[in-house]
Amino acid sequence: MMKPVEDVFLVVDVQYDFMPGGALAVAQGDEVVPVINRLARAFSHVVLTQDWHPRSHVSFAPNHAGRAPFETMTLPYGEQVLWPVHCVQDTDGAALHRDLHVPHARLVVRKGHHEHVDSYSAFLEADRATPTGLAGYLRDVGAKRIWLAGLATDYCVAWSALDARAAGFEASVIEDACRAIDLNGSLDKAWKDMQAAGIERVRSEDILKNIDRETT
Ligand code: VGL
Ligand code: ZN
């Protein structure tokens, strides 16, 4: 058997709807793309995620009469932010950015596909009970530390990092390879929660200083 690769780079939701001009635009979201491309060359094992909702998805504000985007609503599994319609399955907005170049990515995890449950996390849906299968996959391949980047820092990246820790992995978030939505203090809260969970906060140069010399 091949020696397991213990470090896995998890690239979260680098999709057009989260880019400037997209349906749920994250400010400067496009700036993560070249940083992630450089980082990806430092990792032999890369996993991508894609937010991937049916048009009838419970997280979409227009699917609730009288509700507006960015309001919150109580659902059977808890509080849910209502978002603009975004990342609808098989639409251009759900596609990965064409300048994302990670040819060696092994797995794309699509999440948020259940009509009645959202999933910020790449590991566990918002009911906090339904697994995506990613934890099992990562355990199976011998992963120990998950390095995270992408969009958005305070939602899908943070929830994925917290769930990586909860599943028993070490986790490091590469802050300059992420951008945030920052809704009602969500970014501050996300960093506090991540710090409390023992998630490491790093910068891309700390990873790249050892590698770029060899690969560029
Ligand atoms: C995300 C809100 C709704 C994200 C996805 O990728 O952070 N945020 N769906
Ligand atoms: Zn979504």
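Computed from a prediction, not measured in an experiment: that's the story for all the values here. Side-chain atoms are counted along with the backbone in the values below, which use heavy atoms only and exclude waters and symmetry mates. Just follow the structure's listing: the first ligand is 1, and inside any ligand the first atom is 1.
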Polar contact flag for [X] and ligand 1 (N/O pairs, less than 3.5 Å):
X	value
Cys156	yes
Ala152	yes
Tyr120	no
Leu151	yes
Asp13	yes
His86	yes

* **Electrostatic pair Arg203-Glu175, nearest N-O below 4.0 angstrom** => yes

* Asked: Among side-chain atoms of Asp51 and Gln15, is any donor-acceptor pair under 3.5 angstrom?
  ->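 The criterion, which ignores hydrogens and geometry beyond distance, is not satisfied for Gln15 and Asp51.
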
Any N/O/S atom of [X] sitting less than 2.8 Å from the Zn ion (ligand 2), backbone or side chain?
X	value
Asp51	yes
His57	no
Cys156	no

* Between Val157 and ligand 1, find which residue part has any heavy-atom pair under 4.0 Å and reply side chain, backbone, both or neither. =>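 The answer is neither; Val157 stays 4.0 Å or more away.
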
* Looking at Ile181, which atoms of ligand 1 are within less than 4.0 Å of one of its heavy atoms? ->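 Result: 8 (N).
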
